Amino acid sequence: MGFRIVLLGPPGSGKGTQAEKLNDDLGLIRLSTGDMLREAVRDQTELGKMAKQYMDKGALVPDDVVIGLIEEKLVSIREGFVLDGFPRTVQQADALGKLVSINRVVNLDVDDDELVSRLTKRRSCPNCNVVFHLLYKPPMKDGVCDKCGAALYQRSDDAEDTVRERLNVYRKNTFPLIEYYSKQGILVNIEGKGSINEIYEAIEASL
Ligand code: AP5
């Protein structure tokens, strides 16, 4: 088994962007609980209908639900992987620790004003989950995904009020994981402000 990495950081810190690069360059399988949940919402499954009520408010989906989702994926993975958006609570981190050993937790550190500006100008692909930014990473053709050609959309939880609520939820529930993994000696802090490539190089150097 290769690298087993967790990307930690507030909403908009670049977890999805860097997970995609780790997938492209190192072939690590990208596991994003946010993408899994949005897919369930789009397919209008029972899970999706339930999760939507939390996601629309910027709240976390209950631990047992997301732990179940990740457990299902991890049992079949033999290669290296990168977790984007999981774990987000101490309970989720405890559950992950029982499933697999993680070699590195990368914490992306970005200030709130930058996060709000990134998220309100983000555009996402509903098909392959690649993310763009209207200024920092614009698609080659307006409104169209470079990778698969699907029409880009703006996530409903990227409205400014919901972004602020997601930041509050992050501080309360997820921020304590920095200390949690620091104590295990596997956490590295990376300054998340800078170009996407500079941050990627810092992550690669830390592995
Ligand atoms: P999720 O989809 O995981 O959202 P998030 O953690 O809030 O993170 P984001 O996807 O918003 O940001 P990101 O850090 O990936 O940044 P990105 O690379 O896109 O979760 C959504 C919801 O699902 C949650 O609110 C919750 O309800 C539920 N959920 C998911 N997982 C859960 C869990 N484990 N437990 C419970 N509930 C869960 O970048 C953002 C923008 O910035 C993009 O436009 C990008 O192009 C741009 N950008 C990236 N890097 C840079 C850079 N260096 N410079 C300039 N711009 C940049």
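Counting convention: from 1, in listed order, for ligands and their atoms alike. This structure is a prediction, so every number in the text was calculated from the model and none was measured.
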Less than 3.5 Å between some nitrogen or oxygen of Thr17 and one of ligand 1, yes or no? yes
Looking at ligand 1, does any of its N/O atoms fall within less than 3.5 Å of an N/O of Lys137? no
Electrostatic pair Asp24:Lys147 at N-O distance under 4.0 angstrom: yes
So CZ of Phe3 and CD1 of Ile102: to nearest 0.5 Å the spacing works out to 13.0 Å
Short N/O distance, under 3.5 Å, between Lys15 and ligand 1? yes
Ignoring hydrogens and geometry, is there a side-chain-to-backbone donor-acceptor pair from Arg123 to Leu134 under 3.5 Å? no
What I want to know is whether Val61 and ligand 1 share at least one N or O pair that is separated by under 3.5 angstrom. yes
Work out whether the distance between some heavy atom of Ala19 and some atom of ligand 1 is less than 4.0 Å. no
Can you list the atoms of ligand 1 that are under 4.0 Å from a heavy atom of Gly16? 13 (P), 15 (O), 18 (O)
Please state whether Ser13 comes within less than 4.0 angstrom of ligand 1, counting heavy atoms only. yes
Subset of ligand 1 atoms that lie under 4.0 Å from at least one heavy atom of His133: 44 (O), 46 (O)
So is Glu20 touching ligand 1 or not, going by heavy atoms under 4.0 Å? no
Who clusters with Val169? Use side-chain heavy atoms, under 4.5 angstrom, across I, L, V, M, F, W and Y, and order the result by chain and number. Leu60
What residues join Tyr153 in its hydrophobic cluster, counting side-chain heavy atom gaps under 4.5 Å, either direct or through other members? none
Per-atom filter on ligand 1: closer than 4.0 angstrom to a heavy atom of Pro10 are 14 (O)
What do you reckon, does Phe86 have a nitrogen or oxygen under 3.5 Å from a nitrogen or oxygen of ligand 1? no
Numbered atoms of ligand 1 (with element) below 4.0 Å of Arg38, judged on heavy atoms: 2 (O), 21 (C)
Using distance alone, decide if ligand 1 has a nitrogen or oxygen within less than 3.5 Å of any nitrogen or oxygen in Arg155. yes
When you measure from the heavy atoms of Glu198 to every atom of ligand 1, does any distance fall below 4.0 Å? no
Protein contact of atom 6 (O) of ligand 1 - nearest heavy atom, named by residue and atom, plus distance: Arg88 NH2, 2.6 Å
For Arg166, counting its heavy atoms only, list the atoms of ligand 1 lying under 4.0 Å from any of them. 4 (O), 5 (P), 7 (O), 9 (P), 11 (O)
Decide, yes or no, whether a salt bridge links Glu20 with Lys137 under the criterion of side-chain N to carboxylate O below 4.0 Å. yes
Heavy atom to atom 54 (N) of ligand 1, shortest distance: which of Gly194, Gly14, Ser195, Gly85 holds it? Gly194
Using a heavy-atom cut-off of under 4.0 Å, does the side chain or the backbone of Phe132 touch ligand 1, or both, or neither? backbone
For ligand 1, which atoms, with element, lie under 4.0 Å from some heavy atom of Ile199? 53 (N)
Rounded distance (nearest 0.5 Å) linking atom OG of Ser156 with atom NZ of Lys52: 6.0 Å
Taking distance alone, with N or O pairs closer than 3.5 Å, would you say Leu37 contacts ligand 1? no
Can you find an N or O of Thr33 that's nearer than 3.5 Å to an N or O of ligand 1? yes
Polar proximity ligand 1 side, Gln18 side, N/O cut 3.5 Å exclusive: no
Can you find an N or O of Gln92 that's nearer than 3.5 Å to an N or O of ligand 1? yes
Identify the two heavy atoms, one from Tyr170 and one from Gly9, that lie closest to each other, and give their separation to 0.1 Å. CE1-C, 3.7 Å
Compare Arg123, Arg118, Glu165, Lys121 and give the one whose heavy atom is closest to atom 57 (C) of ligand 1. Arg118
side-chain contact (heavy atoms from CB on, under 4.5 Å) with Ser13: which of Leu108, Leu7, Leu8? Leu108
